Amino acid sequence: MASVCGMTIENFANNFVCDLVAYEPGKPIEETARELGLDPASIVKVASNENPLGPAPMALDAIRGAAEQMHIYPDGGGYKLRTALAAKNDLNFENVILGNGSNEIIELLCHSFLNKNAALIAAEHAFVVYKLMATLFGANYVEVPDPNFVHDLDAMAAAVTDETRLLFIANPNNPTGTIVDEETIDRFMAKVPDHVVVVFDEAYHEFLTNAPDTLKYVREGRNVIVLRTFSKAYGLAGLRIGYGLGSPQVVNILQKARQPFNTNEVAQRAALASLDDVDHVNATVENNAKGLAFYEVAFQEMGLEYVPSVANFILVNVRGGDYVFAEMLKQGVIVRAMRGYKLPDWVRISIGTEKENDRCLSVLKGVLSSKGSV
Ligand SMILES: *Cc1c(COP(=O)(O)O)cnc(C)c1O
């Protein structure tokens, strides 16, 4: 190891970076297949809330069509896609920012608003990236308890101090799949002061039947940004494209913090085409609703505790998440263990196709019965 007077390079890096535990994504199919000596096609990955139906057919056409233009830089301003997103959401072009996944916009928010004297507020079982980012920027991470896995917006509002800059509401939240309703949000927004940017992370928005209207706060010019993505219902996780819908003053700041070509041309074109492929989104949402119902019934029959979900995944208490993850993996089914969320008894299962759900459930049942807890 390279060292200076017995010290390693780590001694010279920022502590808040070295002390981070890197984000652990769902285990990739190829890696699992290699390790188990299995055919990748035989593996069921229900670990990262991806769309089991794949990208939209219209997006696939756009991706193929884009190939020959790859010697040209992308449209750094994202004109066509931002215009389409603004129109779809009854907003203006200036309200829209594109990101390399909505995760990049989370990072841009932290870049723009956090420092060692600033704080980010999130719920105890919120999406883990908020904590990683707050830590990365040396800021104070304030975690508010979420009884029954539901964000407690009254407690979150009460946690705001002079140093609070960002407050994240994942709605629905990942990994819990729970939602807060519009009335609760309205009560919260009446209390939150103007020095705080409220971030509604709506990665699973398309799956909702009765989505709370948060864009009204964007139209009112509040210090709000709504994050959405093409990674989930639109099935473009591999292309990395998401967006933020915010008031112009918030979006302007973020535009300064991003790289000039932060989203690539293939992603922009595929995303634009996806917006028109309404049939694909509808099929995705329908498949998801069936899959959620399938798991809920099964878990009830098996006597397993689970969190009722409105998203495309479900959190279930298997009384040993690491064990169940590892045993299911051996049989080619990849779920997500939840120790990283301080839920060591639980796994999160993404909704798959009917066939994938059947396979996942039968493997889970087998693992639990040989473990002797069902
Ligand atoms: C999946 C997810 C995202 C989306 O990430 P991308 O970077 O757009 O792929 C954002 N927030 C939450 C809560 C998520 O679960």
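Indexing begins at 1, ligand by ligand and atom by atom, following the structure's order. Just so it is clear, the structure is predicted and the values come from calculations on it, not from any experiment. Values reported hereafter were calculated over all heavy atoms of this structure, with side chains retained and with hydrogens, waters and symmetry mates removed. FYI, the numbering just counts along the sequence from 1.
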For ligand 1, note which part of S102 has a heavy atom under 4.0 Å away: side chain, backbone, both or neither.
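Both backbone and side chain.
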Between E104 and ligand 1, which part of the residue brings a heavy atom under 4.0 Å of the ligand: side chain, backbone, both or neither?
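Answer for E104: neither.
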Could you state the interatomic distance from CG (N282) to CG (D279), rounded to the nearest 0.5 Å?
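Reported value, rounded in 0.5 Å steps: 6.5 Å.
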To the nearest 0.5 Å, how far apart are CD1 in I105 and OG in S112?
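Reported value, rounded in 0.5 Å steps: 11.0 Å.
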Could you go through the salt bridge (Lys or Arg N to Asp or Glu O under 4.0 Å) check for E265 and R269 one step at a time?
CA-CA 6 Å; E265 186 67 25; R269 292 196 201 186; 3.0 Å; yes
Are F313 and Y204 close enough that their ring centers fall under 6.0 Å?
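Yes.
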Y79/F93 aromatic ring centres below 6.0 Å
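Between Y79 and F93, the centre distance is under 6.0 Å.
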Donor-acceptor side-chain pairing of N49 and R336 below 3.5 angstrom
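No, no side-chain donor-acceptor contact under 3.5 Å.
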If you measure every N/O of [X] against every N/O of ligand 1, is any gap under 3.5 Å?
{"X": "N103", "result": "yes"}
{"X": "N49", "result": "no"}
{"X": "Y204", "result": "yes"}

Between the main-chain N or O of V180 and the side-chain N or O of N171, is there a donor-acceptor pair closer than 3.5 Å?
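Yes: the side chain of N171 pairs with the backbone of V180.
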Has A203 got any heavy atom lying under 4.0 angstrom from an atom of ligand 1?
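Yes, A203 has heavy atoms under 4.0 Å from ligand 1.
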For atom 8 (O) of ligand 1, state which one of D201, L236, T229 supplies the nearest heavy atom.
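Result: the heavy atom closest to atom 8 (O) of ligand 1 is in T229.
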Considering heavy atoms of the protein only, find what lies nearest to atom 9 (O) of ligand 1 and give residue, atom and distance to 0.1 Å.
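Checked against all protein heavy atoms, atom 9 (O) of ligand 1 sits closest to S231 OG, 2.6 Å.
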Give me the nearest non-hydrogen protein atom to atom 2 (C) of ligand 1 as residue plus atom name, then the distance to 0.1 Å.
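Here the nearest protein heavy atom works out to K232 NZ, 2.4 Å.
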Checking side chain to side chain contact (heavy atoms under 4.5 Å, CB included) between F168 and each of L109, V129, I121, which is the one that passes?
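Only one option passes, and that is L109.
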Enumerate the atoms of ligand 1 whose separation from the nearest heavy atom of [X] is less than 4.0 angstrom.
{"X": "G101", "answer": "6 (P), 7 (O), 8 (O)"}
{"X": "R240", "answer": "6 (P), 7 (O), 9 (O)"}
{"X": "N174", "answer": "13 (C), 14 (C), 15 (O)"}

